[in-house]
Enquirer: 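Okay, handing you the structure first.
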Amino acid sequence: MNELDDFLDTTLTRQLEAEQALVNGDPGPRLAMTSLQDPVTVFGAKVPLKRGWEEVSETLGWLASRWSNSTDYRFDLVAAGVSGDLAYMIGFEHIANSVLGIPVEPYTLRVTHIFRREQGEWKIAHRHADYVPIDQTLPSEASLR
Amino acid sequence: MGLLEDFHHDFLPRFIDAQIAFHDGDAGPNNALWTDTDPVTLFAARGLCESGTDSVTRTFDRVASEFSAVRDYVWELFASGVSGDLAYTVAIERYVASLRGEPPAQWELRVTHIYRREEGHWRAIHRHADRKEPDRRHSG
């Protein structure tokens, strides 16, 4: 099994389970996968920029406290790679859950994750997520880069 | 094999300069610093998602042709890392530019890039960009 396959089978699986728990209201597994070393950053779908363990962990806790009752979490992998102590994963998250107890319309996020291996364990060093229209139809002015 | 290109000192300044040229209408310098080898992906600022060298290059050519008169182009770099043949940057891009000949406007984008070193030279393989203001749907 090569390095990328190993990464996808183990770390990516664990990370997806952590995201699934997060959107269901449990931040624990996702916090456990978050790097404690600087730099750790988030460009979130709901928060502009978070930097450092304190900000990132506080944000994850806050988000999880508002989320519950996830009825769907799926991930479409577009690309991934590993080299040295860095790895990345790019794809689409499909999520259905409740916010403050109220079910929301299912939504899809474009996601880029950077992982960093620290003492032999892969941790999330960066997450960039933003919304994509569910129906994927784009206005003509969506040619902006 | 010749000297390995230094990511921060050799490559990144050239890559940023190439973005300036891009917003002046010239995609050439940017395209030269992107990989020719799949996988390559683009999550563009207004929702466009592309993969594969042909479609990514075509998108760059088309979008660059719509920009002109760039000024005050800067990256505020928040994070970066290099290991083996991978690197990444996390930045906010700010610039003033004209889109499709309209009066110049201020742009602010959150941007994540991933890069791969190929035969000693760094090349971009992924760009994820969005407007700085996050969508406030579902924020409760």
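The chains referred to below are lettered A, B, ... by the order of the sequence lines, with proteins before strands, and numbering in each begins at 1.
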Enquirer: Give a yes or no on whether B:Val111 and B:Val96 share a hydrophobic cluster (residues Ile, Leu, Val, Met, Phe, Trp, Tyr; joining criterion: side-chain heavy atoms under 4.5 Å apart).
Expert: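 No, no single cluster joins them.
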Enquirer: At a heavy-atom separation under 4.5 Å, does B:Val40 approach chain A through its side chain, its backbone, both, or neither?
Expert: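 For B:Val40, no heavy atom lies under 4.5 Å from chain A.
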Enquirer: So which bits of residues 19-32 of chain A come within less than 4.5 Å of chain B, counting non-hydrogen atoms only?
Expert: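 Within residues 19-32 of chain A, no residue comes under 4.5 Å of chain B, counting heavy atoms only.
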Enquirer: Taking atom CD of A:Glu58 as the centre, report whether more than 12 heavy atoms of other residues, nucleotides or ligands fall under 6.0 Å from it.
Expert: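 No, because the 6.0 Å sphere around CD of A:Glu58 holds 12 heavy atoms or fewer from other groups.
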Enquirer: What pair of heavy atoms forms the shortest contact from A:Ala79 to B:Thr41, and how long is it?
Expert: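 Where A:Ala79 meets B:Thr41 most closely, the heavy atoms are CB-CG2, 4.4 Å.
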Enquirer: Could you check if a side-chain atom of B:Phe78 sits within less than 4.5 angstrom of a side-chain atom of A:Arg51, using non-hydrogen atoms only?
Expert: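 Side chain of B:Phe78 against side chain of A:Arg51, heavy atoms only: contact under 4.5 Å found.
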Enquirer: Under 4.5 Å heavy-atom distance to chain A, tell me which part of B:Thr112 shows up: side chain, backbone, both or neither.
Expert: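 Both parts, backbone and side chain.
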Enquirer: Quick check: is B:Val74 connected to B:Ile20 through a chain of hydrophobic side chains (ILVMFWY, heavy atoms under 4.5 Å apart)?
Expert: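 Different clusters.
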Enquirer: With a 4.5 angstrom heavy-atom cut-off, could you sort out which part of B:Arg116 is near chain A: side chain, backbone, both or neither?
Expert: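 Contact with chain A is through the side chain of B:Arg116 alone.
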Enquirer: Is A:Val111 in contact with chain B via its backbone, its side chain, both, or neither, using a 4.5 Å heavy-atom distance?
Expert: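 Just its backbone gets close to chain B.
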Enquirer: Search all heavy atoms of A:Ile90 against all heavy atoms of B:Phe43 and return the closest pair with its distance.
Expert: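 Between these two residues, the closest heavy atoms are CG2-CZ, 3.5 Å.
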Enquirer: Is it the case that one hydrophobic cluster holds both A:Ile95 and A:Leu100, taking links as side-chain heavy atoms less than 4.5 Å apart, direct or via other members?
Expert: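 Linked, A:Ile95 and A:Leu100 end up in one cluster.
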Enquirer: Check the hydrophobic clustering (I, L, V, M, F, W, Y; side-chain heavy atoms under 4.5 Å; chains of links allowed) and say if A:Leu60 and A:Trp62 are grouped together.
Expert: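 Hydrophobic grouping puts A:Leu60 with A:Trp62.
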Enquirer: Counting heavy atoms not belonging to B:Glu102, are there more than 12 under 6.0 Å from its CD?
Expert: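 Yes, the 6.0 Å shell around CD holds more than 12 heavy atoms from other groups.
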Enquirer: Check B:His113, B:Arg127, B:His128 against A:Thr112 for a side-chain hydrogen bond (donor to acceptor under 3.5 Å, both in side chains) and give me the one that passes.
Expert: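 Answer after filtering B:His113, B:Arg127, B:His128: B:His128.
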Enquirer: Does any part of the side chain of A:Arg110, heavy atoms only, come nearer than 4.5 Å to the side chain of B:Cys49, both counted from C-beta?
Expert: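 They are in side-chain contact.
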Enquirer: When rounded to the nearest 0.5 angstrom, what is the spacing between CG in B:Asp130 and OH in A:Tyr131?
Expert: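 It comes to 12.0 Å.
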Enquirer: Quick one: what part of A:Arg116 sits under 4.5 Å from any heavy atom of chain B, side chain, backbone, both or neither?
Expert: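 Side chain of A:Arg116 only, per the 4.5 Å heavy-atom cut-off to chain B.
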Enquirer: Which bit of B:Ala87 comes within less than 4.5 Å of chain A, counting heavy atoms only: side chain, backbone, both or neither?
Expert: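 Backbone only.
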Enquirer: What are the residues of residues 120-130 of chain A, in order of number, with any heavy atom under 4.5 angstrom from a heavy atom of chain B?
Expert: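 The list, in residue order, reads A:Ala125, A:His126, A:His128, A:Ala129, A:Asp130.
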